[in-house]
Structure formats: C-alpha cells, structure tokens
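Note that these values count all heavy atoms, side chains included, but never hydrogens, waters or copies made by symmetry. Just so we're on the same page: letters track the sequence lines, and every chain starts at 1.
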There are 2 protein chains.
Amino acid sequence: MPPHRSRRRIPEATVARLPVYLQILVDQAGEGVENISSEGLAELAGVNAAKVRKDLSYLGSYGTRGVGYEVDYLVYQIRRELGLDHDWPVVIVGAGNLGQALAGYGGFNDRGFPVAGLVDIDDDKVDTVVGGIRVRPLDELAQIVAARNVSIGVIATPPPAAQDAADRLVKAGVTSILNFAPVVLSVPVGITVRKVDLAVELQILSYHEQRRAAASQGGQLHAVSTDRGRGATA
Amino acid sequence: MPPHRSRRRIPEATVARLPVYLQILVDQAGEGVENISSEGLAELAGVNAAKVRKDLSYLGSYGTRGVGYEVDYLVYQIRRELGLDHDWPVVIVGAGNLGQALAGYGGFNDRGFPVAGLVDIDDDKVDTVVGGIRVRPLDELAQIVAARNVSIGVIATPPPAAQDAADRLVKAGVTSILNFAPVVLSVPVGITVRKVDLAVELQILSYHEQRRAAASQGGQLHAVSTDRGRGATA
DNA sequence: CGGGCTTTGTGCACACGTTCACAAACCGCC
DNA sequence: GGCGGTTTGTGAACGTGTGCACAAAGCCCG
Ligand SMILES: NC(=O)c1ccc[n+]([C@@H]2O[C@H](COP(=O)([O-])OP(=O)(O)OC[C@H]3O[C@@H](n4cnc5c(N)ncnc54)[C@H](O)[C@@H]3O)[C@@H](O)[C@H]2O)c1
Ligand SMILES: NC(=O)c1ccc[n+]([C@@H]2O[C@H](COP(=O)([O-])OP(=O)(O)OC[C@H]3O[C@@H](n4cnc5c(N)ncnc54)[C@H](O)[C@@H]3O)[C@@H](O)[C@H]2O)c1
C-alpha cells in the first residue's frame, strides 16, 4: 500500500481527537493488542463508533472489513499525520509556579516535545535548575529558538506580560504558541495560538453546577449535552 | 427590569465564551470603562461582533441600541448566569508537580474557586504545606467534600490513578470534575467531566506545524481555520 | 420634535460536525 | 468456492455553530 501523501485537509474536530486515539492505541499496543475495531476504540475513547471510523477515514483506508484496524499501523499513520514522526522542541517563557511544573513534567519529553529552553525575566530565577533545565534570561530566547530550531513556544508568564512574551516568541521565529495566561493574544496571520485557561474550565463547570441546582429546585431535569469534544457529561 | 430567571438553555459554544467576555469586562471596568459595544468587546475577545451579540442575547436584552452594553451590569449578568454569584470550593487530588502549582496559584481564589482541600496518597506529601494549604491524606477526601460542600474536584494524579481518583470523588459527592491526567474517565451519568490535556494541545499545534511545512514545500498555501473557539490562527 | 447616526437583536443561509444506516469488503470455515 | 458472520467506509439526514444583513430602537442635536 502506498504511504498515502497527506493531501486532504482534516477537520479540526478530528485533529483534536486523533491524539486521544493515539494515546489509547499506544496503550493497547503496550498490552499486546494487535487489532482493534472502531467499536472497541470508540468505547475506550468515549465516543461514537461511526465518528471513529469517519475520523480514521481522513487518514486513508487503513482498516480491514470484518477485522478492524491494525494497532501498530494506525499508530504509525496517526503519528505521521500529526507530524509526530519527529520531535518538536518547545521553549517555555516564564519559570514561575506553572513554568516549573511544566519543565519538570516528564510527559512532554516522552510525547515528543522536549523542553529546549526555559526563560524568565527575573534575575533571581535565572540559572536556577528545574527539572534538569537551567533557566536562561529572557534575552537568550531568540538564540535558543534559532539554535534548537524551535517552532513551538509556551507562555507561562503573568497575564500582563503575556502579549510581550508572544511578541518576542514571534520575533524569534516561533510559529505556534500555547498560552496559559488568561488573556487574548494578538499575533500576526500565520501564527497558530491555542489557549489553555483553567479559570474558564472551572467556570464552565460552574455553569453546569448552577444549572443542575436550578433544575433540581424548580424546573424539570435535563440531560446535559456534550460540549464540543473537550468535556463530557456521562 | 426583572432579574431574568435563567430559563433558556445556553449553547455550549456560548458558555465557553462567556468567561472570556467576563474577564475582559472586569478588566475594562477596572480601567473605568462604563459602556462597551459588541464591536469593541468582539475586538478585545478576538471574535466576530455578531457572535458577541448573539451570545449576550441568550442572557436577555441587556444592551441599549445606539449605545452598547453597560459594563457593570453585563458583568453582573454573566456572573449570575455562570453561577459565579457565589464561591465554588474545589478539592484537588494529587499534590505533585501540577497539584502544587495549582494549589499555589492565587488565580483560583480570586476567581471564586477557593481550594478547599488538597489530598495525596503519599504519606511523605501529607502534612506538607503548599500555597497555604496543608496536604491531607486521601482518606479524608469524603470528609473534606462533605464539610466544605465541595461539588468540583480536580484530578492531578498520575494517569493510572486517575480513574480511582474519579471514583472516589464521585463517591464523596462531587458532581463536576476537571481532569488533568491524559486518560478517558468513566463516570456515572449526571457527572460533568472536562479534560485538560497538554499533550493533546501540543499535538494539535504539531499538526499545524507539520501542515505548514508540507504546504510550503510542495503544495499551495492555505489559511488555517479557527478551531472551535479554543485556539486560533490569526 | 424630527432627522440622522449608531448599535442592538435576530431571521436566514451557510458551514461544520455528528450520527444513522447500509452496501461493500473481507475472514474463516466447511 | 461459496456462505455466514463481522466490520469498514461513506452517503444522507440531522443538529449545532457562525456570520451577514437589516429592521427596530435609542441617542443626540439642532
Ligand atoms: N500556576 C497555576 O497553576 C496556573 C493555573 C492557571 C493559570 N495560570 C497562569 O499561568 C501564568 C503563570 O502562572 P504562575 O503561577 O506560574 O505565575 P508566577 O508568578 O509563579 O510565574 C510567572 C513567571 O513569569 C516571569 N515573568 C514575568 N514577566 C515575564 C516576561 N515578560 N518574560 C518572561 N518571564 C516573565 C516571572 O519572573 C515569574 O517567574 C499566569 O498567567 C497564570 O494566570 C497558572
Ligand atoms: N506537571 C505538569 O506540568 C503536567 C502537565 C500535563 C499533564 N500533567 C498530568 O497531571 C498529572 C499529575 O502530574 P504531576 O507532574 O503533578 O505528577 P506527579 O507525579 O508529580 O504527582 C502526582 C501526585 O499524585 C499522587 N498520587 C498518586 N496516586 C494517587 C491517588 N490514587 N490518589 C491521590 N494522589 C495520588 C502522588 O503521590 C503524587 O504526589 C499527571 O497525570 C500528568 O500526566 C502534568
């Protein structure tokens, strides 16, 4: 079978689920499972089987009717499609509470995202070592990005400094940013930004709690719908 | 005007954006801004103005044509709709790297989510103090939940322990869970779960990087579309 | 008090995402 | 080689989310 050049554009919703499938498939491979059906994978991923099949169909026709999917091959294909066939070094800006937790987290390295650098504006933080990484001054950001060919930056600064951090990252040549500060970043076209905002997550939970409370008190009870693939109500 | 009993169901996509508007509005109020137009708010939130208007219309008709929205009143209404008119104490399970960063993070308290407890299975961690919180043994989880009337739990344990943590949380009476472990949790119906998976976020960025690289090499360049409100490509 | 300007609130069309349902494909076994 | 059982891949229907475009509403000013 031909190595299927990645032509088609994959829907964002699917892109967001592929890493979940990948995780499960790697686990399954580790347990010696060689084949898996869309039904089985769906069960483990907590989604609909038809969705699994449609998602996987964007990668090509890698299943065998009557049998299912070969786990190893699927892992290979998803990896390739997500660009995980090589490492993506990341640079972290801000070595505070969160930046240190991130740097000390082995999961990044394991999953192909080695921490190429950790920079901070505070001289007291510079040269301290966290998770085997020595904190470097903010000035060296561009240098690190260039030297290690970094294209992904992580922002873990206080909110007021986040835009500045983004500007510096972009200037240094980074083209993707993962932002933990609760602010809306403004970046040039062509730069991809994703935001992880814990407060937002908690507030969404709060909404559902509040709704539950209101419902059980006054009105009738509703099933709460799933929320665009990022959370779920069982 | 009547205090508008929260009748209508608000679309999930809107619920996910309201916290962002709220954040911006609070900032603006702090800077003395009294009124804001959908256009202005949209600009600051990085979204379409019509979307802002439609989102806000689910709360009721709180704008004034020709003028815009009164910032303070909008803050009040969004807070009420999200259930943020009172605090939601949270309990954190797992006092490792991440659990400590979360417990030490002032932003939770400020935003109405005080840490009611931090529990860990490891006796070496118990009784250590992090961010002003004394780590308690896992056994005391149910007690903490009951005593402080906690309905939101945060899982920051290693992946293999996450399901156990979820089970304990549910048993203790928690009805919403924010899960940081990269595993799919299985919970009873009626429990709301949201997952924050950093590796997934990075892998999505990796996909776009890979796509960019492939495009600039071979095919034609495409604008990358926005991804369901959680990230963006400018 | 009326006219012009601004901005909301929403109907409508379209895009995107999800799920069902089923023909086509494949396996294994007789 | 054919048959029954299984599972894929996808067309089609449906549901959710987005954005345009415009009438309705309100403000200001003369
Ligand atoms: N800690 C958490 O659990 C947590 C949770 C949710 C969100 N966040 C967000 O993550 C961000 C970081 O949180 P934290 O708790 O680590 O804060 P922190 O104050 O502990 O750390 C911030 C670090 O950034 C450095 N810094 C400040 N300005 C900088 C700049 N211009 N360039 C580079 N570094 C700079 C500071 O020196 C400090 O070391 C904040 O925006 C916060 O809102 C944190
Ligand atoms: N640290 C990060 O930046 C980071 C980033 C992304 C994801 N995560 C995820 O967050 C989770 C925690 O990461 P970490 O770096 O803090 O790990 P960690 O190993 O530092 O901490 C885990 C803690 O959980 C405790 N624990 C283990 N089993 C438990 C149980 N059954 N009940 C209660 N506590 C238990 C351990 O004693 C330990 O203190 C992991 O699932 C990890 O994949 C962490």
Side-chain angles (χ1 to χ4, degrees), chain A residues 1 4 8-18 20-21 33-71 73-74 77 204 222-233, chain B residues 1 4 8-18 20-21 33-71 73-74 77 204 222-233:
Chain A
M1 53 211 90
H4 196 277
R8 21 178 178 282
R9 195 187 128 277
I10 297 183
E12 274 299 317
T14 296
V15 172
R17 280 187 298 267
L18 288 177
V20 177
Y21 300 153
V33 177
E34 290 183 1
N35 283 279
I36 193 165
S37 66
S38 60
E39 191 91 35
L41 183 48
E43 169 80 28
L44 293 172
V47 301
N48 183 294
K51 204 188 298 199
V52 169
R53 289 199 293 277
K54 190 149 279 185
D55 285 343
L56 296 181
S57 79
Y58 292 113
L59 310 182
S61 282
Y62 298 136
T64 307
R65 295 167 188 228
V67 176
Y69 302 85
E70 195 195 329
V71 174
Y73 192 57
L74 213 45
Q77 288 298 343
I204 294 172
H222 294 286
V224 183
S225 74
T226 164
D227 69 331
R228 297 172 308 126
R230 290 252 321 142
T233 293
Chain B
M1 54 212 89
H4 196 278
R8 23 179 174 285
R9 195 187 129 278
I10 298 184
E12 274 301 315
T14 296
V15 172
R17 279 187 297 267
L18 287 177
V20 177
Y21 300 154
V33 177
E34 289 182 0
N35 283 279
I36 193 165
S37 66
S38 60
E39 192 90 34
L41 183 48
E43 170 78 29
L44 293 171
V47 302
N48 181 293
K51 205 187 298 196
V52 169
R53 289 199 293 277
K54 192 152 278 184
D55 284 343
L56 296 181
S57 78
Y58 291 113
L59 310 182
S61 282
Y62 298 135
T64 307
R65 293 167 188 228
V67 177
Y69 302 84
E70 195 195 329
V71 174
Y73 192 58
L74 213 45
Q77 288 298 341
I204 295 172
H222 295 286
V224 183
S225 74
T226 164
D227 68 332
R228 296 171 308 125
R230 289 251 323 140
T233 292

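- Here the C1' atom of nucleotide C:dG17 and the CG atom of A:Asn48 are 12 Å apart, to the nearest Å.
- Here the OH atom belonging to B:Tyr62 is positioned 9.5 Å from the CG atom belonging to B:Leu74, to the nearest 0.5 angstrom.
- Counting non-hydrogen atoms of neighbouring residues, nucleotides and ligands closer than 6.0 angstrom, the CD atom of B:Glu43 reaches no more than 12 such neighbours.
- In this structure, B:Glu39 CD and B:Asn48 CG are separated by 8.5 Å, a value rounded to the nearest 0.5 Å.
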Heavy-atom contacts, protein to nucleotides 23-30 of chain D, under 4.0 Å, summarised as B (base), S (sugar-phosphate only) or - (none) per nt, yield -BBSS---
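- Atom P of nucleotide C:dA21 and atom CZ of A:Arg53 are separated by 12 Å, given to the nearest angstrom.
- Straight-line distance from the CD atom of A:Glu43 to the C1' atom of D:dT7: 16 Å, rounded to whole Å.
- Each of C:dC20, C:dT18, C:dT10 was ranked by its minimum atom distance to the side chain of A:Ala13; first place goes to C:dT18.
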Let's go through B:Thr64 and B:Glu70 carefully: what are the C-alpha distance in whole Å and the side-chain angles of both, what is the deciding distance for side chain to side chain contact (heavy atoms under 4.5 Å, CB included) to 0.1 Å, and is it a yes or a no? CA-CA 8 Å; B:Thr64 307; B:Glu70 195 195 329; over 6 Å; no
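- Atom-to-atom, CG of A:Leu41 to C1' of D:dT7 comes out at 14 Å; the value is rounded to the nearest Å.
- Taking 4.5 Å as the limit, every side-chain heavy atom of B:Val20 sits out of range of all side-chain heavy atoms of B:Val47.
- Of the listed nucleotides (D:dT8, C:dT19, C:dT8), D:dT8 has the atom at the smallest distance from the side chain of A:Tyr69.
- Screening residues 48-62 of chain B for salt bridge (Lys or Arg N to Asp or Glu O under 4.0 Å), with sequence neighbours left out, gives B:Arg17-B:Asp55.
- Using a 4.5 Å cut-off on side-chain heavy atoms (C-beta onward), B:Leu18 and B:Leu59 make contact.
- Nearest to the side-chain atoms of B:Lys51 among the listed nucleotides D:dC22, D:dT18, D:dG17 stands D:dT18.
- Rounding to the nearest 0.5 Å gives a distance of 11.5 Å between CG of A:Asn35 and OH of A:Tyr69.
- Rounded to an integer number of Å, the gap from B:Tyr62 OH to C:dT7 C1' is 19 Å.
- For the pair A:Asn35 CG and C:dC27 C1', the computed distance is 12 Å after rounding to whole Å.
- The phosphate of D:dT8 has OP1 or OP2 within less than 4.0 Å of a side-chain N or O from A:Ser38.
- If you measure from atom OH of B:Tyr73 to atom C1' of C:dT8, you get 16 Å, rounded to the nearest angstrom.
- Nearest approach of A:Tyr58 to A:Thr14, heavy atoms of both residues: CE1-OG1, 3.7 Å.
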Contacts under 3.5 Å, N or O only, protein and nucleotides 11-14 of chain C:
from   : atom 1 : to      : atom 2 : distance (Å)
C:dG11 : O6     : B:Lys54 : NZ     : 3.2
C:dC12 : N4     : B:Lys54 : NZ     : 3.3

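- Distances from the side chain of A:Arg17 to the nucleotides C:dT18, D:dT18, C:dG17 place C:dT18 closest.
- Remark: C1' of C:dT8 and CD1 of B:Ile36 are 14 Å apart, rounded to the nearest angstrom.
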